[in-house]
Amino acid sequence: MYAELSLLDLVLHASFVVQFVLLILVLASILSWTMIFDRARVLRKAARAAEEFERRFWSGGDLSALYRDLGQDDKSLTGLAAIFRSGFKEYVRLRKGEDGDPMAVIQGADRSMRVALSREMDRLETNLSFLATVGSTSPYIGLFGTVWGIMHSFHALGNVKQATLALVAPGISEALVATAIGLFAAIPAVIAYNRFADRVERINNRYEEFMEEFSTLLQRQGRG
């Protein structure tokens, strides 16, 4: 009879504590999948935007024209466009200043791009820490539910004269559901976190390489 129990039956017959643990894990799994789809979309869009901007940047056009084409709204720009605009804006501002020291101008533009890069990394890494937390803690939360359920099952044996496997097996099955749901929440989160962290690192390297090349270009313009 017990072999025919469904997952829903196991959940409905579990103790309150195990059901509460299952609720936490299901909510964590739903949030985790929501963030997985969101980060996949954001990172795919960032990689595509970086490729498109580099194509425009290296097309040989005038940098001032490119700067004007990006518009005046800094908040609407992301990725390489935001970094370029931040650096070029500071470069132009410092060159018009009274000092105009070439090295100070380049250093100022570089600082401005570093600030923009930091903002971009914060944006791309949003929610990755949540995925890491779900991936690392869900198995332990599920294990807690399992241990609690098994303790509850063995405690119930104290009320019967003869203990048999048929008496404890259903309770253990219900408790093990918590471990299964914990792994169900953790495995996708761990896979997604590792994949997204690698993609963020690659995008960061791409941004930094662009910043070095752009700084070199500004130095040449400063000497000209």
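Quick caveat, the model's predicted, so the values are computed rather than measured.
- A donor-acceptor pair under 3.5 Å links the side-chain atoms of Ser215 to the main chain of Met211, judged by distance alone.
- In this structure, Tyr67 and Phe88 have tilted ring planes: the angle between them lies in the 30° to 60° band.
- Here CZ of Phe130 is found 10.0 Å from CD1 of Ile36. Values are rounded to the nearest 0.5 Å.
- Here the side chain of Thr216 pairs a donor or acceptor atom with the backbone of Glu212 at under 3.5 angstrom.
- Closest non-hydrogen pair, Val200 versus Leu124, comes out as CG2-O, 4.0 Å.
- A salt bridge links Arg114 to Glu208: one of the charged nitrogens lies within less than 4.0 Å of a carboxylate oxygen.
- Phe184 and Met35 fall into different hydrophobic clusters, where Ile, Leu, Val, Met, Phe, Trp and Tyr residues are linked whenever their side-chain heavy atoms come under 4.5 Å apart, directly or through other members.
- Residues Thr126 and Arg39 form a side-chain contact, since some pair of their non-hydrogen atoms from C-beta on lies under 4.5 Å apart.
- Both Val92 and Leu66 are assigned to one and the same hydrophobic cluster, defined by single-linkage of ILVMFWY side chains at heavy-atom distances under 4.5 Å.
- Applying side chain to side chain contact (heavy atoms under 4.5 Å, CB included) to Leu117 and the options Asp122, Ile83, Leu80 leaves one that passes, Ile83.
- Residues Asp69 and Arg56 are in side-chain contact: their nearest non-hydrogen atoms beyond the backbone lie under 4.5 Å apart.
- Of the possible donor and acceptor atoms, none in the side chain of Ser86 sits under 3.5 Å from a partner among the backbone N and O of Ala116.
- With hydrogens and angles ignored, the 3.5 Å screen pairs no side-chain donor or acceptor of Ser112 with any backbone N or O of Gly108.
- In this structure, Asn194 contributes its side chain and Val190 its backbone to a donor-acceptor pair below 3.5 Å.
- A continuous path of Ile, Leu, Val, Met, Phe, Trp and Tyr side chains, each step under 4.5 Å between heavy atoms, connects Trp33 with Leu128, placing both in one hydrophobic cluster.
- Between Trp148 and Phe144, the ring planes lie tilted relative to each other; the angle falls in the 30° to 60° range.
- Between Arg123 and Glu120, at least one side-chain nitrogen of the basic residue sits less than 4.0 Å from a carboxylate oxygen of the acidic one, meeting the salt-bridge criterion.
- Residues Gly135 and Pro139 come closest through the heavy atom pair O-CD, 3.7 Å.
- Ser29 OG to Ile181 CD1: the interatomic distance, rounded to the nearest 0.5 Å, is 8.0 Å.
- Ring geometry, Phe84 versus Phe57: the interplanar angle exceeds 60°, so the pair is classed perpendicular (tilted spans 30 to 60°).
- No more than 12 heavy atoms of other residues, nucleotides or ligands lie within 6.0 Å of CZ in Arg195, so this atom counts as exposed by the packing criterion.
- Closest heavy-atom contact between Gly182 and Ser138: O-CB, 3.4 Å.
- Put simply, Leu70 and Trp58 are part of the same group of oily side chains (I, L, V, M, F, W, Y) that touch within less than 4.5 Å, one to the next.
- When hydrophobic clusters are built by joining Ile, Leu, Val, Met, Phe, Trp and Tyr residues whose side-chain heavy atoms come closer than 4.5 Å, directly or via intermediates, Ile30 is grouped together with Leu25.
- Rounding to the nearest 0.5 Å gives a distance of 10.0 Å between CD of Glu125 and CG of Leu43.
- In this structure, Tyr91 and Ile106 approach most closely via the heavy-atom pair CE1-CD1, 4.1 Å.
- Using modelled atom types, no side-chain atom of Thr179 and backbone atom of Ala175 make a donor-acceptor pair closer than 3.5 Å.
- In this structure, CZ in Arg85 is found 11.0 Å from CZ in Phe53, a value given to the nearest 0.5 Å.
- In this structure, Ala40 and Arg199 approach most closely via the heavy-atom pair O-NH2, 4.2 Å.
- No donor-acceptor pair under 3.5 Å is formed between the side chain of Ser32 and the backbone N or O of Leu131.
- Using a 4.0 Å cut-off between a side-chain N of Lys or Arg and a carboxylate O of Asp or Glu, Glu90 and Arg93 qualify as a salt bridge.
- Looking at Val134 and Leu31, their side chains never come closer than 4.5 Å, going by heavy atoms from C-beta outward.
- The structure places CZ of Phe196 at 10.5 Å from CG of Asn127, a figure rounded to the nearest 0.5 Å.
- Of all the heavy atoms in Val18 and Ala178, the pair that sits closest is CG1-CB, 4.4 Å.
- Atom CG of residue Leu183 and atom CG of residue Leu143 lie 9.5 Å apart, to the nearest 0.5 angstrom.
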